[in-house]
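All remarks here apply to the structure that follows.
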Amino acid sequence: MAYDDKSIKILEGLEAVRKRPGMYIGSTDKRGLHHLVWEIVDNAVDEAINGYGNLIKITLTKTGSVIVSDEGRGVPCGKHESGMSTPEVIYTVLHAGGKFETGEYKVSGGLHGVGASVVNALSKKMVVTINRDGSTYQISFKNGGKVDISLKKIGTSRKTGTTVEFWPDETIFETTKFSFTTICERMQESAFLINNLTIEVTDEVNERSVSYHYDNGLVSFVEYINENKTPLHKTIDIKGEKNGIDINIAMCYTDSYSENIISFVNNVKTIDGGTHEVGFKTAITKVFNEYIKNNNLLKGKNTSLEGSDTREGLTAIISVRVPEEILQFEGQTKGKLGTPSAKTAVESIVYEKLSYYLDENKSVANLIMDKALKSKVAREAARKAREEARNGKNKNGKDRITNGKLTKASGKDKSKNELFLVEGDSAGGSAKTGRNRETQAILPLRGKVLNCEKASTNDINANEELNTIIQTIGAGIGNDFNPNDSNYGKVIIMTDADDDGAHIQVLLVTFFYRFMKGLIENGMLYIANPPLYSLEVGKTKEYIQTDEELSNRRKNIKGQYKINRFKGLGEMDSDELFETTMDPKNRSLIRVSIEDAMLAEKRVSVLMGDKVEPRKEWINENVDFTLEDDFRR
Ligand code: 0RA
C-alpha cells in the first residue's frame with residue numbers, strides 16, 4: 001500500500017471515532033472527557049510498571065489543555081514499515097500497539113485502553129514531545145488527528161521520556177473543563193498501586209499542585225481508607241506469585257460493619273470484581289471456618305460462617321498483575337476479570353499466607369473471629385426481623401404502622417412509577433401538589449439520615465426513617481434485595497442544592513450502596529438536579545442549572561433582567577418545582593453509579609468521622625460536588 005492510501009485509511013478510522021465517540025470512550029460528558037486523560041496516563045503508567053521511569057506529571061493548563069509527561073523509554077522515533085514515523089503510527093492508527101514483550105504487563109488495551117489515537121481523534125490539537133537517544137523529537141496534530149507538523153528533531157536531551165499535550169475538541173464534548181479533584185482522586189489511587197512512583201498533578205488555572213508518592217503501597221491505601229475508622233490490628237500484607245500472576249493484597253478489619261473490597265488488575269479498577277475477588281473471598285471463608293473448627297469456637301455446633309460474616313468491617317485492596325496473553329475481561333463494561341487462573345492463584349496464596357498469619361497472631365485471630373461470629377448471630381436475627389417486616393407484622397404480630405407520610409402514585413405499572421425522597425416537609429408539600437399523580441410518589445424525609453457507614457443491619461431495622469424507605473420500596477435489603485419486587489422503577493433523591501442537601505445525598509447514597517446495592521447496579525437510583533437560578537428577561541422566565549451556565553447566558557442578554565438564586569427547594573412554588581426538577585420532559589436527573597457510591601462512602605467516613613480536620617477540608621473543597629462532576633453519568 002502506498003503511503004497516501006495508508007493515510008486515507010487512517011483518516012477514515014479517526015473520522016469514525018469522531019462520528020461515534022461513545023463507542024470508544026463511553027460518552028461525551030465529563031466522564032468521557034476524563035477518559036481521554038486516563039488513556040494517555042495509562043500509557044505513562046505502563047512504562048512505570050514495567051520499570052521505566054518513576055515520575056509522571058499531569059498539568060491542567062490555562063489554554064485548556066492537559067499535559068501528561070513520563071520518564072519512560074520514550075516512544076521510538078524511527079521510521080515504521082508503512083513509511084510513517086513510529087509516533088505518527090502510534091498516535092493516528094487505531095489500536096496500534098505491539099510494544100509489549102511477552103510477560104510484560106499492560107494497562108492500556110485492558111479495561112478501556114482504546115489507545116492514544118482515539119484521544120488524538122477527539123482533540124483539536126495534540127503535541128507529542130519525545131526524549132530518546134540523546135535527542136528531543138516533536139510531532140503535532142490538529143483537527144482530530146491530522147498531522148500538522150511531521151516528526152522532527154527539535155533539540156538534544158540526555159533524558160528519556162514522552163510528553164503528550166492535548167486540547168479536547170469542544171465540538172465533540174459537552175464540556176471541556178477538566179476536574180482537578182477527579183484527576184487527583186484517580187492519580188492518588190495509581191500512586192498507591194505502584195510503589196515508588198511519584199505522580200504530580202498541577203492546576204495552573206487555580207494555582208494548586210499535589211504530589212502522590214507512597215512507600216508502603218497497598219498498606220498505605222488501606223490505612224488511607226480507614227483513616228477515620230478504628231482498625232482492630234495492623235494491616236496484613238499478602239504478596240505472592242503463581243501461574244505468572246503477581247498478587248499483592250493488603251487487608252485490615254475495623255470495628256465498623258461495612259465491607260470495603262477494592263480490586264485492580266494491572267492497575268485498573270475492576271468495578272465488577274471477577275475471578276481474583278472470588279478467589280480472595282473463597283480463601284477467607286475457608287480459612288475462617290477452618291480456624292473456628294480447629295479451635296472449637298462454635299462449640300461443636302454443626303454450622304459454619306457465611307462469606308459475608310468473614311468480611312464484616314473488612315477493608316481490603318486486591319491488586320493483581322496478569323500478563324497480556326491470559327488477560328480476559330468480561331461484562332458489559334469490561335469491568336470484571338475473567339481469567340480463570342487468577343482465582344486459583346489468589347485463592348491459594350491467600351489461603352496459605354492468611355492461615356499462617358492467624359496461627360502466628362492469636363490475639364488478632366481471636367478478635368476477628370469474634371467479630372465474624374457476632375456477625376453470624378446478628379445476620380440470623382436480622383433475617384428473622386426482615387421476614388416479619390415483609391409480612392407487615394412486627395414481633396407481636398401487630399401490623400406495623402409505617403410509611404404514613406408517603407403520598408402514593410395512583411398508576412399500577414410499578415416500573416413506570418417514581419419515588420421522590422424529598423428533603424424537608426415544606427418541599428415535600430410542594431412536590432406533593434405539583435407532581436404527576438399517576439406516576440410520582442412523594443416521601444418527605446425529616447432532617448438528617450442515619451450514617452450507615454458504621455451501622456449494622458440491626459441498626460438499620462431500628463431506624464424509623466430508613467425503615468420507612470425500605471418498606472416503601474418493598475424490595476428487601478442486603479442479600480434479600482430483589483429489584484423485581486421494587487414498587488418503583490426510579491428512586492429519586494431530591495434535596496436543596498446546598499451543603500446540607502449534599503450531605504443528605506451522600507448519606508442516602510451510602511445507605512443504598514450498603515444495603516440496596518442492587519438498586520444502584522440496576523440503574524434505579526437518581527439524584528434530582530434542581531436549578532440554582534431563575535432568570536427573568538422581559539416577560540419570559542428561564543431556569544439555570546449552574547454558575548457556568550449563568551455567566552454564559554448573561555453575556556448574551558440585551559436589556560434588563562432579574563436573577564433569583566434559589567436557596568432551597570422550598571423557595572419554588574409547586575408548579576415551578578415540577579416544571580424544573582420533576583417533569584420528565586425538562587428535568588435532568590443524575591443517575592448514581594457504583595463508582596459514585598463508592599466515593600460517597602469514602603466521603604461519609606470523612607464527613608462523619610471523629611476527626612475534625614479532614615471534615616473541614618472536605619467540606620471546603622466539595623461544597624457543590626454533586627453538581628460539579630462526581631455524581632454525573
Ligand atoms: C513503543 C515502544 C516502546 C515504548 C513506547 C512505545 C512508549 C509509549 C508511550 C506512550 C507514553 N509514554 C510512552 N513511553 C513509551 C518501547 C521502546 C524501547 O524498547 O525502547
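Atoms within a ligand are numbered from 1 in the order they appear, just like the ligands themselves.
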| Would you say the side chains of Thr129 and Gln138 form a donor-acceptor pair under 3.5 Å? | yes
| said: Test of understanding: given a 4.0 Å heavy-atom threshold, classify the contact between Arg132 and ligand 1 as side chain, backbone, both, or neither. | reply: side chain
| query | Does a donor on one side chain sit under 3.5 Å from an acceptor on the other, for Asp169 and Thr171? | reply | yes
| said: At less than 4.0 angstrom from any non-hydrogen atom of Val75, what atoms of ligand 1 do you find? | reply: 7 (C), 8 (C), 9 (C), 15 (C)
| field | Enumerated ligand 1 atoms positioned under 4.0 Å from heavy atoms of Asn43 | value | 10 (C), 11 (C)
| Do the charged groups of Glu170 and Lys124 touch, with an N to O distance under 4.0 Å? | yes
| request: For ligand 1, indicate whether the residue Ala116 contacts it via side chain, backbone, both or neither (heavy-atom separation under 4.0 Å). | output: neither
| query | Should the pair Arg208-Asp203 be classified as a salt bridge under the 4.0 Å nitrogen-to-oxygen rule? | reply | yes
